[in-house]
Asker: 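Quick one: this structure, given as C-alpha coordinates, is what I'll be asking you about.
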Number of protein chains: 2
Amino acid sequence: MTELLWGRQQPPSRGPKPAMTLTGIAEAAIRIADAEGLDAVSMQRVADDLPVTKMALYRYVPGKTELVAVMSDLAMGEPPEHPGLSWREALHAWSIDLFDGFNRHPWLLLSTVGGRPVGPNEAAWLDRGVQALTGSGLNGTEQLDSILVLSGHVRTIALQTATMPGGRQGLTEETFTAGFAGILAAEADRFPSLVAALRTPSGQENQGLEFGLDRILDGLELLISARQD
Amino acid sequence: MTELLWGRQQPPSRGPKPAMTLTGIAEAAIRIADAEGLDAVSMQRVADDLPVTKMALYRYVPGKTELVAVMSDLAMGEPPEHPGLSWREALHAWSIDLFDGFNRHPWLLLSTVGGRPVGPNEAAWLDRGVQALTGSGLNGTEQLDSILVLSGHVRTIALQTATMPGGRQGLTEETFTAGFAGILAAEADRFPSLVAALRTPSGQENQGLEFGLDRILDGLELLISARQD
DNA sequence: ATTAACTGTGTCTGTCGGACACAATAAGGT
DNA sequence: ACCTTATTGTGTCCGACAGACACAGTTAAT
(Lines give C-alpha, C1' and ligand atoms only; values in the text may rest on other atoms or scores of the structure.)
Protein backbone atom coordinates (compact mmCIF):
# COMPACT_ATOMS: atom_id res chain seq x y z
CA MET A 1 0.00 0.00 0.00
CA THR A 2 2.76 2.41 0.91
CA GLU A 3 4.58 1.37 -2.26
CA LEU A 4 1.48 2.15 -4.27
CA LEU A 5 1.14 5.61 -2.79
CA TRP A 6 4.74 6.45 -3.40
CA GLY A 7 4.81 5.00 -6.91
CA ARG A 8 7.40 2.48 -5.90
CA GLN A 9 6.86 -0.38 -8.28
CA GLN A 10 9.09 -1.35 -11.12
CA PRO A 11 7.26 -1.69 -14.44
CA PRO A 12 6.95 -5.26 -15.65
CA SER A 13 9.19 -6.33 -18.50
CA ARG A 14 6.91 -8.74 -20.30
CA GLY A 15 3.27 -8.79 -21.14
CA PRO A 16 0.88 -6.42 -22.92
CA LYS A 17 1.27 -2.70 -22.53
CA PRO A 18 -0.95 -1.44 -19.75
CA ALA A 19 -3.79 0.60 -21.18
CA MET A 20 -4.12 2.74 -18.09
CA THR A 21 -2.03 4.30 -15.35
CA LEU A 22 -2.62 4.37 -11.63
CA THR A 23 -2.86 8.14 -11.60
CA GLY A 24 -5.21 8.03 -14.55
CA ILE A 25 -7.52 5.78 -12.59
CA ALA A 26 -7.19 7.96 -9.51
CA GLU A 27 -7.97 11.08 -11.55
CA ALA A 28 -11.13 9.49 -12.89
CA ALA A 29 -12.13 8.60 -9.36
CA ILE A 30 -11.42 12.16 -8.25
CA ARG A 31 -13.62 13.53 -11.00
CA ILE A 32 -16.47 11.33 -9.85
CA ALA A 33 -16.01 12.22 -6.21
CA ASP A 34 -15.88 15.92 -6.99
CA ALA A 35 -19.03 15.77 -9.05
CA GLU A 36 -21.15 13.25 -7.19
CA GLY A 37 -19.56 12.65 -3.82
CA LEU A 38 -17.41 9.90 -2.43
CA ASP A 39 -20.26 7.42 -2.25
CA ALA A 40 -20.59 7.56 -6.02
CA VAL A 41 -17.05 6.24 -6.39
CA SER A 42 -17.43 2.53 -6.93
CA MET A 43 -15.12 0.27 -8.86
CA GLN A 44 -17.82 -0.19 -11.44
CA ARG A 45 -18.42 3.53 -11.81
CA VAL A 46 -14.72 4.32 -12.17
CA ALA A 47 -14.32 1.53 -14.68
CA ASP A 48 -17.28 2.74 -16.73
CA ASP A 49 -15.77 6.19 -16.99
CA LEU A 50 -12.44 5.08 -18.37
CA PRO A 51 -13.98 2.97 -19.98
CA VAL A 52 -12.85 -0.48 -19.01
CA THR A 53 -14.08 -3.46 -17.06
CA LYS A 54 -14.35 -3.28 -13.33
CA MET A 55 -11.91 -6.10 -12.80
CA ALA A 56 -9.29 -4.46 -14.94
CA LEU A 57 -8.81 -1.88 -12.19
CA TYR A 58 -7.64 -4.59 -9.85
CA ARG A 59 -4.54 -4.96 -12.01
CA TYR A 60 -3.49 -1.52 -10.86
CA VAL A 61 -4.87 -1.33 -7.37
CA PRO A 62 -5.33 -4.10 -4.80
CA GLY A 63 -8.70 -2.87 -3.58
CA LYS A 64 -10.94 0.08 -3.11
CA THR A 65 -9.26 1.13 0.13
CA GLU A 66 -6.01 1.61 -1.73
CA LEU A 67 -7.69 3.47 -4.57
CA VAL A 68 -9.23 5.90 -2.13
CA ALA A 69 -5.87 6.40 -0.46
CA VAL A 70 -4.19 7.13 -3.78
CA MET A 71 -6.88 9.49 -4.98
CA SER A 72 -6.87 11.27 -1.63
CA ASP A 73 -3.17 11.93 -1.67
CA LEU A 74 -3.35 12.98 -5.30
CA ALA A 75 -6.25 15.36 -4.72
CA MET A 76 -4.52 16.93 -1.75
CA GLY A 77 -1.77 18.04 -4.10
CA GLU A 78 1.39 19.79 -3.08
CA PRO A 79 1.20 22.60 -0.55
CA PRO A 80 1.56 26.08 -2.07
CA GLU A 81 4.72 27.99 -1.32
CA HIS A 82 4.74 31.17 0.72
CA PRO A 83 8.33 32.35 1.05
CA GLY A 84 9.41 35.07 3.40
CA LEU A 85 6.72 34.82 6.03
CA SER A 86 7.02 34.72 9.79
CA TRP A 87 6.18 31.42 11.43
CA ARG A 88 2.77 32.76 12.37
CA GLU A 89 1.97 34.10 8.94
CA ALA A 90 3.25 30.91 7.36
CA LEU A 91 1.09 28.69 9.57
CA HIS A 92 -1.91 30.88 8.93
CA ALA A 93 -1.39 30.66 5.19
CA TRP A 94 -0.81 26.92 5.50
CA SER A 95 -4.10 26.51 7.30
CA ILE A 96 -6.00 28.57 4.75
CA ASP A 97 -4.43 26.55 1.95
CA LEU A 98 -5.50 23.35 3.64
CA PHE A 99 -8.98 24.73 4.11
CA ASP A 100 -9.13 25.61 0.43
CA GLY A 101 -8.06 22.10 -0.43
CA PHE A 102 -10.85 20.63 1.65
CA ASN A 103 -13.30 22.95 -0.04
CA ARG A 104 -12.05 22.01 -3.47
CA HIS A 105 -12.47 18.32 -2.68
CA PRO A 106 -14.96 18.04 0.19
CA TRP A 107 -14.89 14.25 0.07
CA LEU A 108 -11.34 14.44 1.41
CA LEU A 109 -12.95 15.14 4.76
CA LEU A 110 -14.49 11.69 4.63
CA SER A 111 -11.77 9.74 2.88
CA THR A 112 -8.99 10.86 5.17
CA VAL A 113 -10.69 9.86 8.40
CA GLY A 114 -8.94 7.20 10.37
CA GLY A 115 -5.41 5.97 10.25
CA ARG A 116 -4.02 5.51 6.81
CA PRO A 117 -0.60 5.37 5.18
CA VAL A 118 0.94 8.75 4.58
CA GLY A 119 1.41 9.55 0.91
CA PRO A 120 3.99 11.85 -0.66
CA ASN A 121 1.69 14.86 -0.85
CA GLU A 122 0.52 14.50 2.71
CA ALA A 123 4.15 14.20 3.74
CA ALA A 124 4.86 17.40 1.84
CA TRP A 125 2.08 19.19 3.69
CA LEU A 126 3.38 17.95 7.00
CA ASP A 127 6.88 18.99 6.06
CA ARG A 128 5.80 22.46 5.03
CA GLY A 129 3.89 22.93 8.25
CA VAL A 130 6.73 21.77 10.44
CA GLN A 131 9.12 23.86 8.41
CA ALA A 132 7.40 27.02 9.60
CA LEU A 133 8.24 26.10 13.16
CA THR A 134 11.90 25.16 12.79
CA GLY A 135 13.96 27.53 14.81
CA SER A 136 11.00 28.49 16.95
CA GLY A 137 12.40 26.83 20.02
CA LEU A 138 9.84 24.05 19.95
CA ASN A 139 11.12 20.50 19.75
CA GLY A 140 10.07 18.13 17.01
CA THR A 141 7.17 16.60 18.86
CA GLU A 142 5.82 20.01 19.75
CA GLN A 143 6.14 21.11 16.14
CA LEU A 144 4.18 18.10 14.96
CA ASP A 145 1.59 18.52 17.67
CA SER A 146 1.18 22.15 16.70
CA ILE A 147 0.38 21.51 13.08
CA LEU A 148 -1.84 18.65 14.20
CA VAL A 149 -3.90 21.10 16.21
CA LEU A 150 -4.11 23.43 13.24
CA SER A 151 -5.03 20.75 10.74
CA GLY A 152 -7.60 19.37 13.15
CA HIS A 153 -9.23 22.73 13.46
CA VAL A 154 -9.24 23.27 9.71
CA ARG A 155 -10.87 19.87 9.30
CA THR A 156 -13.49 20.68 11.88
CA ILE A 157 -14.50 23.94 10.27
CA ALA A 158 -14.35 22.55 6.75
CA LEU A 159 -16.64 19.73 7.83
CA GLN A 160 -19.11 22.26 9.18
CA THR A 161 -19.17 24.51 6.18
CA ALA A 162 -18.58 22.07 3.34
CA THR A 163 -21.39 21.23 0.97
CA MET A 164 -20.93 17.81 -0.49
CA PRO A 165 -22.70 16.41 -3.51
CA GLY A 166 -23.50 13.36 -1.44
CA GLY A 167 -25.40 15.51 1.04
CA ARG A 168 -24.48 16.00 4.69
CA GLN A 169 -23.70 19.35 6.13
CA GLY A 170 -22.65 21.04 9.34
CA LEU A 171 -24.53 22.14 12.40
CA THR A 172 -25.25 25.73 11.59
CA GLU A 173 -27.09 25.05 8.34
CA GLU A 174 -29.62 22.46 7.26
CA THR A 175 -29.47 20.59 10.52
CA PHE A 176 -30.71 23.56 12.41
CA THR A 177 -33.68 24.20 10.25
CA ALA A 178 -34.64 20.53 10.07
CA GLY A 179 -36.78 20.61 13.15
CA PHE A 180 -33.90 21.10 15.52
CA ALA A 181 -34.71 24.73 16.16
CA GLY A 182 -38.24 23.81 17.10
CA ILE A 183 -37.23 21.01 19.41
CA LEU A 184 -34.59 23.12 21.04
CA ALA A 185 -37.13 25.83 21.68
CA ALA A 186 -39.48 23.28 23.20
CA GLU A 187 -36.78 22.00 25.53
CA ALA A 188 -35.07 25.31 26.07
CA ASP A 189 -34.98 24.80 29.82
CA ARG A 190 -32.81 21.72 29.44
CA PHE A 191 -30.16 23.61 27.48
CA PRO A 192 -30.23 27.17 28.73
CA SER A 193 -26.64 28.05 27.86
CA LEU A 194 -26.85 26.57 24.39
CA VAL A 195 -30.10 28.38 23.62
CA ALA A 196 -28.66 31.62 24.85
CA ALA A 197 -25.51 31.19 22.79
CA LEU A 198 -27.50 30.41 19.66
CA ARG A 199 -29.42 33.63 20.03
CA THR A 200 -26.36 35.62 19.05
CA PRO A 201 -26.46 36.49 15.35
CA SER A 202 -23.81 34.47 13.61
CA GLY A 203 -20.88 36.44 12.27
CA GLN A 204 -19.48 36.77 8.82
CA GLU A 205 -18.03 34.23 6.46
CA ASN A 206 -15.31 31.96 7.82
CA GLN A 207 -15.68 33.40 11.28
CA GLY A 208 -15.28 30.00 12.89
CA LEU A 209 -12.12 29.29 10.97
CA GLU A 210 -10.42 32.55 11.78
CA PHE A 211 -11.56 32.55 15.38
CA GLY A 212 -9.99 29.18 16.06
CA LEU A 213 -6.86 29.97 14.12
CA ASP A 214 -6.37 33.17 16.10
CA ARG A 215 -6.78 31.35 19.40
CA ILE A 216 -4.43 28.52 18.47
CA LEU A 217 -1.80 30.81 17.01
CA ASP A 218 -2.07 33.08 20.03
CA GLY A 219 -1.49 30.09 22.26
CA LEU A 220 1.48 29.00 20.19
CA GLU A 221 2.93 32.47 20.24
CA LEU A 222 2.69 32.51 24.00
CA LEU A 223 4.67 29.29 24.22
CA ILE A 224 7.21 30.28 21.64
CA SER A 225 7.97 33.63 23.17
CA ALA A 226 8.33 31.92 26.53
CA ARG A 227 10.81 29.50 24.97
CA GLN A 228 12.87 32.18 23.36
CA ASP A 229 13.67 33.93 26.61
CA MET B 1 -35.11 11.81 11.97
CA THR B 2 -34.96 14.53 14.56
CA GLU B 3 -38.15 13.14 16.10
CA LEU B 4 -36.53 9.72 16.31
CA LEU B 5 -33.46 11.06 18.07
CA TRP B 6 -35.49 12.98 20.58
CA GLY B 7 -37.96 10.18 21.22
CA ARG B 8 -40.80 12.29 19.93
CA GLN B 9 -43.33 9.79 18.68
CA GLN B 10 -46.57 8.88 20.31
CA PRO B 11 -47.02 5.11 20.79
CA PRO B 12 -49.65 3.57 18.52
CA SER B 13 -52.95 2.61 20.06
CA ARG B 14 -53.82 -0.43 18.05
CA GLY B 15 -51.92 -3.39 16.73
CA PRO B 16 -49.65 -6.00 18.35
CA LYS B 17 -47.38 -5.02 21.21
CA PRO B 18 -43.94 -4.12 19.92
CA ALA B 19 -41.43 -6.74 20.94
CA MET B 20 -38.52 -4.31 20.95
CA THR B 21 -37.71 -0.71 21.71
CA LEU B 22 -35.67 1.77 19.73
CA THR B 23 -33.10 2.09 22.48
CA GLY B 24 -32.94 -1.67 22.79
CA ILE B 25 -32.04 -1.90 19.14
CA ALA B 26 -29.55 0.92 19.47
CA GLU B 27 -27.95 -0.75 22.48
CA ALA B 28 -27.52 -3.98 20.54
CA ALA B 29 -25.91 -2.02 17.73
CA ILE B 30 -23.61 -0.29 20.22
CA ARG B 31 -22.53 -3.62 21.64
CA ILE B 32 -21.62 -4.83 18.17
CA ALA B 33 -19.78 -1.63 17.30
CA ASP B 34 -17.85 -1.70 20.56
CA ALA B 35 -16.81 -5.29 20.06
CA GLU B 36 -16.25 -5.52 16.33
CA GLY B 37 -16.22 -2.01 14.95
CA LEU B 38 -18.72 0.08 13.11
CA ASP B 39 -18.39 -1.88 9.90
CA ALA B 40 -19.73 -4.95 11.68
CA VAL B 41 -22.98 -3.15 12.38
CA SER B 42 -25.33 -4.25 9.63
CA MET B 43 -29.06 -4.53 9.84
CA GLN B 44 -28.75 -8.28 9.56
CA ARG B 45 -26.17 -8.47 12.32
CA VAL B 46 -28.18 -6.32 14.71
CA ALA B 47 -31.31 -8.32 13.96
CA ASP B 48 -29.53 -11.61 14.58
CA ASP B 49 -28.41 -10.45 18.00
CA LEU B 50 -31.85 -9.52 19.24
CA PRO B 51 -32.92 -11.99 17.74
CA VAL B 52 -35.39 -10.94 15.13
CA THR B 53 -35.64 -10.59 11.38
CA LYS B 54 -33.74 -7.89 9.62
CA MET B 55 -36.88 -6.30 8.27
CA ALA B 56 -38.44 -6.05 11.70
CA LEU B 57 -35.94 -3.35 12.55
CA TYR B 58 -37.39 -1.13 9.89
CA ARG B 59 -40.54 -0.88 11.98
CA TYR B 60 -38.54 1.09 14.52
CA VAL B 61 -36.03 2.90 12.38
CA PRO B 62 -36.40 4.23 8.83
CA GLY B 63 -32.94 3.19 7.71
CA LYS B 64 -29.41 2.50 8.75
CA THR B 65 -28.43 6.16 8.73
CA GLU B 66 -30.99 6.85 11.40
CA LEU B 67 -29.96 3.85 13.46
CA VAL B 68 -26.37 5.04 13.46
CA ALA B 69 -27.50 8.49 14.50
CA VAL B 70 -29.52 7.12 17.38
CA MET B 71 -26.81 4.76 18.60
CA SER B 72 -24.24 7.55 18.33
CA ASP B 73 -26.20 9.95 20.46
CA LEU B 74 -26.98 7.19 22.93
CA ALA B 75 -23.37 6.09 23.21
CA MET B 76 -22.19 9.63 23.73
CA GLY B 77 -24.24 9.73 26.91
CA GLU B 78 -24.69 12.75 29.11
CA PRO B 79 -21.68 14.89 29.95
CA PRO B 80 -20.35 14.39 33.48
CA GLU B 81 -20.82 17.20 35.93
CA HIS B 82 -17.94 19.17 37.39
CA PRO B 83 -19.33 21.84 39.67
CA GLY B 84 -17.28 24.66 41.08
CA LEU B 85 -14.59 24.92 38.44
CA SER B 86 -13.23 27.97 36.68
CA TRP B 87 -14.08 28.28 33.02
CA ARG B 88 -10.66 26.99 32.11
CA GLU B 89 -10.77 24.02 34.43
CA ALA B 90 -14.29 23.25 33.32
CA LEU B 91 -13.39 23.29 29.64
CA HIS B 92 -10.34 21.15 30.32
CA ALA B 93 -12.43 18.60 32.18
CA TRP B 94 -15.05 18.75 29.43
CA SER B 95 -12.43 17.98 26.83
CA ILE B 96 -11.02 15.08 28.80
CA ASP B 97 -14.50 13.70 29.30
CA LEU B 98 -15.15 13.92 25.60
CA PHE B 99 -11.84 12.24 24.91
CA ASP B 100 -12.77 9.43 27.27
CA GLY B 101 -16.06 9.03 25.50
CA PHE B 102 -14.33 8.67 22.16
CA ASN B 103 -12.01 6.10 23.68
CA ARG B 104 -14.89 4.16 25.16
CA HIS B 105 -16.63 4.05 21.79
CA PRO B 106 -13.97 4.63 19.12
CA TRP B 107 -16.48 4.12 16.31
CA LEU B 108 -18.06 7.43 17.35
CA LEU B 109 -15.14 9.03 15.57
CA LEU B 110 -16.40 7.53 12.34
CA SER B 111 -20.14 7.69 12.87
CA THR B 112 -20.22 11.34 13.83
CA VAL B 113 -18.38 12.61 10.78
CA GLY B 114 -20.34 14.91 8.58
CA GLY B 115 -23.41 16.93 9.25
CA ARG B 116 -26.11 15.12 11.14
CA PRO B 117 -29.09 16.02 13.30
CA VAL B 118 -28.16 16.94 16.84
CA GLY B 119 -29.53 14.55 19.42
CA PRO B 120 -30.38 15.27 23.04
CA ASN B 121 -27.09 14.03 24.42
CA GLU B 122 -25.03 15.96 21.91
CA ALA B 123 -27.09 19.01 22.75
CA ALA B 124 -26.34 18.41 26.42
CA TRP B 125 -22.61 18.25 25.67
CA LEU B 126 -22.81 21.46 23.70
CA ASP B 127 -24.77 23.10 26.47
CA ARG B 128 -22.31 22.04 29.13
CA GLY B 129 -19.41 23.35 27.09
CA VAL B 130 -21.02 26.68 26.40
CA GLN B 131 -22.09 26.92 29.99
CA ALA B 132 -18.46 27.12 31.09
CA LEU B 133 -18.05 30.26 29.02
CA THR B 134 -21.15 32.17 30.06
CA GLY B 135 -20.08 35.33 31.76
CA SER B 136 -16.65 35.19 30.20
CA GLY B 137 -17.28 38.22 28.04
CA LEU B 138 -17.45 36.20 24.85
CA ASN B 139 -20.61 36.42 22.81
CA GLY B 140 -22.64 33.37 21.89
CA THR B 141 -20.97 32.75 18.57
CA GLU B 142 -17.56 32.99 20.15
CA GLN B 143 -18.60 30.59 22.87
CA LEU B 144 -19.78 28.06 20.30
CA ASP B 145 -16.70 28.54 18.20
CA SER B 146 -14.54 27.99 21.24
CA ILE B 147 -15.99 24.64 22.16
CA LEU B 148 -15.93 23.72 18.50
CA VAL B 149 -12.17 24.24 18.49
CA LEU B 150 -11.83 22.13 21.60
CA SER B 151 -14.03 19.31 20.38
CA GLY B 152 -12.24 19.35 17.05
CA HIS B 153 -8.91 18.95 18.76
CA VAL B 154 -10.18 16.15 20.97
CA ARG B 155 -11.48 14.38 17.87
CA THR B 156 -8.18 14.79 16.11
CA ILE B 157 -6.17 13.31 18.94
CA ALA B 158 -8.66 10.56 19.64
CA LEU B 159 -8.51 9.59 16.00
CA GLN B 160 -4.76 9.34 16.20
CA THR B 161 -4.58 7.28 19.34
CA ALA B 162 -7.75 5.21 19.10
CA THR B 163 -7.53 1.52 18.41
CA MET B 164 -10.62 0.29 16.69
CA PRO B 165 -11.70 -3.30 16.33
CA GLY B 166 -12.19 -2.64 12.65
CA GLY B 167 -8.54 -1.71 12.31
CA ARG B 168 -7.23 1.71 11.29
CA GLN B 169 -4.97 3.72 13.48
CA GLY B 170 -3.18 7.03 13.65
CA LEU B 171 0.03 8.33 12.21
CA THR B 172 2.44 7.72 15.03
CA GLU B 173 1.78 4.01 15.33
CA GLU B 174 1.29 1.22 12.80
CA THR B 175 1.38 3.54 9.86
CA PHE B 176 4.87 4.57 10.65
CA THR B 177 6.29 1.11 10.89
CA ALA B 178 4.44 -0.08 7.78
CA GLY B 179 7.20 0.91 5.41
CA PHE B 180 6.70 4.61 5.89
CA ALA B 181 9.80 5.01 8.01
CA GLY B 182 11.87 3.36 5.32
CA ILE B 183 10.44 5.43 2.51
CA LEU B 184 10.82 8.61 4.48
CA ALA B 185 14.44 7.79 5.14
CA ALA B 186 14.97 7.15 1.45
CA GLU B 187 13.46 10.49 0.51
CA ALA B 188 14.69 12.39 3.51
CA ASP B 189 15.94 15.24 1.35
CA ARG B 190 12.42 15.94 0.11
CA PHE B 191 11.08 16.37 3.63
CA PRO B 192 13.95 17.73 5.72
CA SER B 193 11.82 19.47 8.35
CA LEU B 194 9.53 16.51 8.81
CA VAL B 195 12.40 14.07 9.16
CA ALA B 196 14.09 16.32 11.66
CA ALA B 197 10.91 16.71 13.68
CA LEU B 198 10.31 12.97 13.74
CA ARG B 199 13.76 12.42 15.18
CA THR B 200 12.64 13.87 18.50
CA PRO B 201 11.71 11.09 20.89
CA SER B 202 7.96 11.18 21.35
CA GLY B 203 6.75 12.29 24.73
CA GLN B 204 4.57 10.62 27.27
CA GLU B 205 1.01 9.44 27.12
CA ASN B 206 -1.59 11.92 25.89
CA GLN B 207 1.06 14.49 25.14
CA GLY B 208 -0.66 15.54 21.95
CA LEU B 209 -3.97 16.01 23.70
CA GLU B 210 -2.63 18.11 26.53
CA PHE B 211 -0.35 20.13 24.30
CA GLY B 212 -3.20 21.24 22.08
CA LEU B 213 -5.54 21.85 24.99
CA ASP B 214 -2.96 24.05 26.66
CA ARG B 215 -2.44 26.10 23.50
CA ILE B 216 -6.13 26.53 22.82
CA LEU B 217 -6.98 27.38 26.40
CA ASP B 218 -4.06 29.79 26.54
CA GLY B 219 -5.37 31.48 23.44
CA LEU B 220 -8.85 31.66 24.89
CA GLU B 221 -7.54 33.05 28.15
CA LEU B 222 -5.75 35.78 26.24
CA LEU B 223 -8.96 36.80 24.53
CA ILE B 224 -11.08 36.57 27.65
CA SER B 225 -8.76 38.65 29.77
CA ALA B 226 -8.63 41.23 27.00
CA ARG B 227 -12.41 41.31 26.98
CA GLN B 228 -12.72 41.73 30.69
CA ASP B 229 -10.69 44.91 30.82
C1' DA C 1 9.62 -20.53 -32.19
C1' DT C 2 8.68 -21.29 -27.61
C1' DT C 3 7.95 -19.94 -23.13
C1' DA C 4 6.60 -17.15 -19.40
C1' DA C 5 4.68 -13.00 -17.66
C1' DC C 6 1.26 -9.83 -17.83
C1' DT C 7 -3.17 -7.63 -19.43
C1' DG C 8 -8.17 -6.99 -19.78
C1' DT C 9 -12.61 -9.74 -19.77
C1' DG C 10 -16.48 -12.60 -18.20
C1' DT C 11 -18.54 -15.18 -14.73
C1' DC C 12 -19.57 -16.05 -10.10
C1' DT C 13 -20.33 -15.48 -4.95
C1' DG C 14 -21.53 -13.32 -0.56
C1' DT C 15 -23.08 -9.22 1.74
C1' DC C 16 -25.31 -5.13 1.99
C1' DG C 17 -29.57 -1.78 2.38
C1' DG C 18 -34.09 -1.68 1.43
C1' DA C 19 -39.01 -2.40 -1.13
C1' DC C 20 -43.06 -4.98 -0.81
C1' DA C 21 -46.70 -8.25 0.19
C1' DC C 22 -48.48 -11.12 3.75
C1' DA C 23 -50.36 -13.34 7.99
C1' DA C 24 -50.85 -12.68 12.86
C1' DT C 25 -52.25 -9.53 16.58
C1' DA C 26 -54.59 -6.21 19.36
C1' DA C 27 -57.45 -2.39 20.17
C1' DG C 28 -61.77 0.73 18.94
C1' DG C 29 -66.34 1.29 17.49
C1' DT C 30 -70.72 -0.83 16.96
C1' DA D 1 -69.75 -10.33 20.98
C1' DC D 2 -68.45 -8.78 16.42
C1' DC D 3 -66.07 -6.55 12.81
C1' DT D 4 -62.93 -3.07 11.28
C1' DT D 5 -58.48 -1.09 11.23
C1' DA D 6 -53.87 -0.06 12.46
C1' DT D 7 -49.64 -2.18 13.54
C1' DT D 8 -46.46 -5.95 14.16
C1' DG D 9 -42.88 -9.40 12.63
C1' DT D 10 -41.81 -12.49 8.56
C1' DG D 11 -40.50 -14.10 3.91
C1' DT D 12 -39.24 -13.07 -0.58
C1' DC D 13 -37.19 -10.31 -3.85
C1' DC D 14 -34.11 -6.75 -6.04
C1' DG D 15 -30.08 -3.89 -7.39
C1' DA D 16 -25.49 -2.42 -6.06
C1' DC D 17 -21.37 -3.44 -4.13
C1' DA D 18 -16.35 -5.53 -3.39
C1' DG D 19 -13.82 -9.02 -4.76
C1' DA D 20 -12.26 -14.21 -6.27
C1' DC D 21 -11.12 -16.85 -10.12
C1' DA D 22 -10.41 -18.76 -14.63
C1' DC D 23 -9.49 -17.58 -19.29
C1' DA D 24 -7.89 -15.76 -23.77
C1' DG D 25 -5.09 -12.43 -25.95
C1' DT D 26 -0.51 -9.89 -25.97
C1' DT D 27 4.31 -8.93 -25.45
C1' DA D 28 9.18 -9.61 -24.35
C1' DA D 29 12.95 -12.69 -22.99
C1' DT D 30 15.02 -17.05 -24.17
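Each chain gets a letter, A, B and so on, in the order the sequences are listed, and its residues count up from 1.
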Asker: Please check if the side chain of B:D49 supplies one atom and the backbone of B:A28 the other of a donor-acceptor pair under 3.5 Å.
Answerer: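 A pair under 3.5 Å: no.
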Asker: Are any side-chain N or O atoms of A:R128 and backbone N or O atoms of A:P79, one a donor and one an acceptor, separated by less than 3.5 Å?
Answerer: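 Confirmed, A:R128 side chain pairs with A:P79 backbone.
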Asker: With a 3.5 Å cut-off and just heavy-atom distances, do the side chain of B:R14 and the base of C:dG28 make a donor-acceptor pair?
Answerer: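 Between C:dG28 and B:R14, which were checked side chain against base, a qualifying N/O pair under 3.5 Å is absent.
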Asker: Taking CD from B:Q44 and P from C:dG17, how many angstroms apart are they, rounded to a whole number?
Answerer: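 In whole Å, C:dG17 P lies 9 Å from B:Q44 CD.
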Asker: Under the 3.5 angstrom rule, does the side chain of A:R155 hit a backbone N or O of A:L109 as a donor-acceptor pair?
Answerer: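 At least one qualifying donor-acceptor pair exists.
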Asker: Check the phosphate of D:dA16 against A:S42, side-chain N and O only, distance under 4.0 Å to OP1 or OP2. Yes or no?
Answerer: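 Answer no for this pair, as no side-chain N or O of A:S42 is under 4.0 Å from OP1 or OP2.
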Asker: Tell me which nucleotide among D:dC17, C:dC20, C:dG8 gets nearest to the side chain of B:M55.
Answerer: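 Side chain of B:M55 sits closest to C:dC20.
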Asker: Does anything in residues 64-75 of chain A come within less than 4.0 Å of DNA chain D? Heavy atoms only, and list the residues if so.
Answerer: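 Nucleic-acid contacts, sorted: A:K64.
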Asker: Nearest to the A:T53 side chain among D:dG11, C:dC22, C:dG8, which nucleotide is it?
Answerer: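 Nearest nucleotide to the side chain: C:dG8.
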Asker: Check every atom of C:dT7, D:dT10, C:dT9 against the side chain of B:R59 and return the nucleotide holding the closest atom.
Answerer: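 My answer, after comparing the listed nucleotides, is D:dT10.
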Asker: Using atom CG of B:D48 as one end and atom P of D:dG9 as the other, report the distance to the nearest whole Å.
Answerer: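 Between P of D:dG9 and CG of B:D48: 16 Å.
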Asker: Between B:S13 and B:L57, who's closer to the 5' end of DNA chain D by nearest nucleotide?
Answerer: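 Its nucleotide being nearer the 5' end, the pick is B:S13.
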Asker: To the nearest 0.5 Å, how far apart are OH in A:Y58 and NZ in A:K64?
Answerer: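 It is 9.0 Å, given to the nearest 0.5 Å.
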Asker: Counting just side-chain N and O atoms, does A:Y58 come under 4.0 Å of either OP1 or OP2 of D:dC21?
Answerer: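 Checking D:dC21 against A:Y58, no side-chain N or O comes under 4.0 Å of OP1 or OP2.
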Asker: Pick the nucleotide of DNA chain C nearest each of B:P16 and B:V41; which residue has the one closer to the 5' end?
Answerer: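 Nearer the 5' end of the strand: B:V41.
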Asker: Students often mix this up, so state it plainly: with edges at 30° and 60°, are the rings of B:F180 and A:W6 parallel, tilted or perpendicular?
Answerer: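 It falls in the tilted class, 30° to 60°.
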Asker: Is it the case that the side chain of B:Y60 and the backbone of B:T21 share a donor-acceptor pair, with hydrogens and angles ignored and the cut-off at 3.5 Å?
Answerer: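 No, because the side chain of B:Y60 does not come within donor-acceptor range (under 3.5 Å) of the backbone of B:T21.
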Asker: Using atom NZ of A:K17 as one end and atom C1' of D:dT26 as the other, report the distance to the nearest whole Å.
Answerer: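 Computing the A:K17:NZ to D:dT26:C1' distance gives 11 Å.
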Asker: How would you label the contact of A:M43 with the nucleic acid (heavy atoms, under 4.0 Å): base, sugar-phosphate, or nothing?
Answerer: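 The answer is sugar-phosphate, as A:M43 gets under 4.0 Å only of primed atoms, P, OP1 or OP2.
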Asker: B:K54 near the nucleic acid: base, sugar-phosphate alone, or nothing, with a heavy-atom cut-off under 4.0 Å?
Answerer: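 The residue B:K54 makes base contact.
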Asker: Nearest to the side chain of B:M20, which nucleotide is it out of D:dT8, D:dG9, C:dG8?
Answerer: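 The answer is D:dG9.
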Asker: Would you call A:R116 and A:E66 a salt bridge, using N to O less than 4.0 angstrom?
Answerer: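 Result for this pair is no, no salt bridge flagged.
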Asker: On DNA chain C, compare the nucleotides closest to A:Y60 and B:P62; which residue's is nearer the 5' end?
Answerer: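 That would be A:Y60.
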Asker: Between atom CZ in A:R45 and atom C1' in D:dG19, what is the gap in whole Å?
Answerer: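 Those two atoms, CZ and C1', are 20 Å apart.
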